[in-house]
There are 2 protein chains.
Amino acid sequence: MNKRVLGIDPGFGRCGFGMIAFDGRDWQCERHGVITTEAGLDFEVRLLEIGRDIDALIEQLKPQAVVLEELFFAKSTTTALQVAEVRGVIQYLAAVKGLEVIGVKPNEIKLAVTGYGRADKPQMQEMIKAIFHLSEVPKPDDAADALAIAWTGAQKLRF
Amino acid sequence: MNKRVLGIDPGFGRCGFGMIAFDGRDWQCERHGVITTEAGLDFEVRLLEIGRDIDALIEQLKPQAVVLEELFFAKSTTTALQVAEVRGVIQYLAAVKGLEVIGVKPNEIKLAVTGYGRADKPQMQEMIKAIFHLSEVPKPDDAADALAIAWTGAQKLRF
């Protein structure tokens, strides 16, 4: 069976995604990018736009599992709650389609990608480039983060 | 135009709802209750069950607006984030149907219902019973809270 994993770096202004697939020998990066929403919109409209885009990605890319970064508390608790609202929508949409949903923690992602739980961003990005045999570091950062999230989830999942 | 407002007290174990409608003279309570999910289920399945039930309520009761209690940080931040995930799903589903979505704060609810920002639960419940001409205090508490949320939202909304 072809293994297909969609990683998501949840956010309301910028939501990164990275789709990876196992070809029988290696994990390949199939697609990566970022969903953006405008700051001036009502929050439920931003959730709607992110939800529709994620739904379309799932339809098109057909992952078996969705991996989300787990939240930790940042400076702004309001932001943390709004990111949690985005996470809720994505988990709901994945569950509607019967996909497996797992969360991965920031230090777990660093450990899975670099072997070191406190790796910095450039180290992470170079490893993502190497793991997926890419010619360049994936841009923007949110997309590279989402590929790291997908890779970490792929190690944890039981296919 | 008939004014119809669905209030929701978001939660993942118990999610209260209260549907109110304006008959041209008074606001009437049309329906109230609570959606429950089992603690042993995967969280995305709990989100799925709540989402499906809320979606069915919106289809059936046809509110023009959905009012949600806004979060404040409780003892457990994990719980607050999970409640935010539920809020995200509900806002998304309301936005899919083009409904207005507003949030109301705990002290704002107390003020709207009793005229006093620090009212206690029995005072709130007696006022809800009086406002909607009910023969008894609505049960369970989550449903009474949702009616208070709907009432507060109805005062804030511009129909």
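Convention: sequence-line order gives letters A, B, ...; per-chain numbering from 1.
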#### Entry: Heavy-atom proximity to chain A below 4.5 Å, by part of B/Val96
both

### Task
Please identify each residue that fulfils salt bridge (charged side-chain N to carboxylate O under 4.0 Å, His left out) with A/Arg52, with sequence neighbours left out.
none

### Query
Under 4.0 Å between a Lys/Arg side-chain N and an Asp/Glu carboxylate O for A/Asp55 and A/Lys97?
yes

### Task
Output, in order, the C-alpha distance, side-chain angles, deciding distance and verdict of side-chain contact (heavy atoms from CB on, under 4.5 Å) for B/Val66 and B/Gln91.
CA-CA 8 Å; B/Val66 172; B/Gln91 289 174 78; over 6 Å; no

#### Entry: Presence of salt bridge, A/Glu69 and A/Arg87, under 4.0 angstrom
no

## Note on the structure
Under 4.5 Å to a heavy atom of chain A? For B/Ile90 that would be neither

### Task
Measure distances from A/Leu93 to the heavy atoms of chain B and classify the residue's part below 4.5 Å as side chain, backbone, both or neither.
side chain

